[in-house]
Amino acid sequence: MAAAWPSRPAVPEAVAAQLLGVLWFMSVSTGPWGAAAAGGEEMLKCEDLKVGQYICKDPKINDATQEPVNCTNYTADVECFPAPNITCKDLHGNETHFTGKELGFRKPISCRNVNGYSYKVAVALSLFLGWLGADRFYLGYPALGLLKFCTVGFCGIGSLIDFILISMQIVGPSDGSSYIIDYYGTRLTRLSITNETFRKTQLYP
């Protein structure tokens with residue numbers, strides 16, 4: 001009569017399934033997929049909201065300089081308020097559910113450096129007293145002003161050229177500052193191309 005081998009204790013299928021599930025969860029939570037999932041759950045910062053999810057107030061303008069009151073190093077900031085039912089991290093890093101009235105973040109805007117030279121005064125001097133060099137004296141170019149005074153505005157030709165250059169804001173104050181112009185007035189914005197400028201591919205027929 002053949003002797004029977006000793007039987008091993010059977011492992012229930014339910015226990016094996018649970019063990020496989022635990023091992024799978026640990027591999028996912030510690031692997032690259034788990035890191036991505038954890039990163040996706042991080043709360044969005046309010047300054048990273050898309051356009052239309054927040055509204056910013058107009059800057060408070062200084063009457064004397066016609067620039068934002070907090071303009072420093074060509075940069076100012078405005079208060080921005082996330083839209084109602086938006087949840088994000090405010091400027092203090094706190095997770096907040098906004099109703100549309102709470103301050104979410106401050107958005108930087110560009111501003112200009114001014115030093116007391118008025119655009120209206122410069123244009124008026126160039127128009128009426130340009131032949132005496134008053135416009136150049138006002139903007140800080142005494143040598144050119146004296147030369148225009150002695151030559152009666154280069155016989156009128158120099159006065160006309162200066163009037164065009166000052167009116168187009170090509171000639172400005174000698175110290176490199178900008179004209180004082182109404183904040184919502186006729187300001188000249190110069191466009192430039194840099195390495196960050198998006199260049200659209202030209203299609204020719």
Side-chain angles (χ1 to χ4, degrees), residues 46-47 49-83 91 100-200 202:
C46 292
E47 54 262 30
L49 293 175
K50 297 180 180 180
V51 176
Q53 294 182 322
Y54 63 90
I55 186 171
C56 297
K57 286 186 174 181
D58 293 332
K60 185 177 180 181
I61 305 302
N62 188 322
D63 293 334
T65 64
Q66 286 299 306
E67 294 296 325
V69 293
N70 56 356
C71 178
T72 305
N73 295 329
Y74 301 96
T75 304
D77 56 68
V78 292
E79 297 180 343
C80 297
F81 300 82
L91 68 169
K101 299 180 180 180
E102 300 86 359
L103 175 63
F105 64 100
R106 299 181 184 274
K107 182 179 181 180
I109 59 173
S110 61
C111 59
R112 307 181 313 156
N113 176 37
V114 296
N115 197 21
Y117 294 97
S118 172
Y119 174 69
K120 295 178 180 178
V121 173
V123 171
L125 289 175
S126 183
L127 178 61
F128 297 107
L129 298 176
W131 58 279
L132 295 175
D135 49 356
R136 289 289 182 168
F137 281 114
Y138 175 74
L139 294 176
Y141 303 97
L144 287 175
L146 182 61
L147 190 59
K148 288 179 66 177
F149 177 80
C150 296
T151 59
V152 192
F154 296 105
C155 299
I157 299 177
S159 299
L160 177 61
I161 294 175
D162 271 353
F163 175 73
I164 295 175
L165 294 178
I166 293 174
S167 299
M168 297 181 64
Q169 303 173 32
I170 297 176
V171 171
S174 61
D175 60 359
S177 61
S178 300
Y179 286 114
I180 297 177
I181 306 177
D182 293 342
Y183 187 77
Y184 298 103
T186 55
R187 297 188 174 195
L188 178 65
T189 302
R190 293 183 175 87
L191 301 180
S192 60
I193 298 178
T194 64
N195 291 332
E196 298 180 357
T197 303
F198 176 77
R199 292 175 173 81
K200 185 177 180 180
Q202 299 294 324

Shortest non-hydrogen separation from F149 to L132 and the atoms involved: CB-O, 3.4 Å
Sub-6.0 Å ring centroid separation between Y54 and F105: yes
Closest approach of F137 to P142 (non-hydrogen atoms, all atoms of both residues): CE2-O, 3.6 Å
Atom of Y179, atom of A122 and distance for their closest heavy-atom approach: CE2-CB, 3.8 Å
Residue pair Y74 / N113: nearest heavy atoms and the distance that separates them: CE2-CB, 3.5 Å
F154 atom CZ: more than 12 heavy-atom contacts under 6.0 Å: yes
Side chain to side chain contact (heavy atoms under 4.5 Å, CB included) partners of T75, counting only residues at least two apart: P108
Polar side-chain atom of S174 near backbone of L139 as donor-acceptor pair, under 3.5 Å: yes
Minimal non-hydrogen separation, P59 against Y184, with atom names: CD-OH, 4.4 Å
Sulfur-sulfur distance C80/C46 under 2.5 Å: no
Test item: P82 and L49 side chains (from C-beta on) under 4.5 Å apart, heavy atoms: yes
Gap between atom OH of Y183 and atom OG1 of T65 - 0.5 Å precision: 11.0 Å
Residues in side chain to side chain contact (heavy atoms under 4.5 Å, CB included) contact with C150, at least two apart in sequence or another chain: L146
Pair V78-K57, side chain to side chain contact (heavy atoms under 4.5 Å, CB included): steps then yes or no: CA-CA 6 Å; V78 292; K57 286 186 174 181; 5.7 Å; no
Pairs flagged by salt bridge (charged side-chain N to carboxylate O under 4.0 Å, His left out) wherever residues 113-124 is involved - sequence neighbours left out: K120-D182
Main-chain N/O of I180 paired to Q66 side chain as donor or acceptor, under 3.5 Å: no
Which residues share a side chain to side chain contact (heavy atoms under 4.5 Å, CB included) with L125, sequence neighbours left out: V121, L129, A134, D135, Y138
Taking every non-hydrogen atom, the tightest pair across L147 and T151: O-OG1, 2.7 Å
Over 12 foreign heavy atoms within 6.0 Å of CD1, I157: no
Set of residues satisfying side chain to side chain contact (heavy atoms under 4.5 Å, CB included) with respect to N70, sequence neighbours excluded: P68, A76, D77
Contacts table for residues 158-166: side-chain donor-acceptor under 3.5 angstrom, sequence neighbours left out:
| from | atom 1 | to | atom 2 | distance (Å) |
| --- | --- | --- | --- | --- |
| S159 | OG | G130 | O | 3.3 |
| S159 | OG | W131 | N | 3.3 |
| D162 | OD1 | R136 | NH2 | 2.7 |
| D162 | OD2 | R136 | NE | 3.0 |
| D162 | OD2 | K148 | NZ | 2.8 |

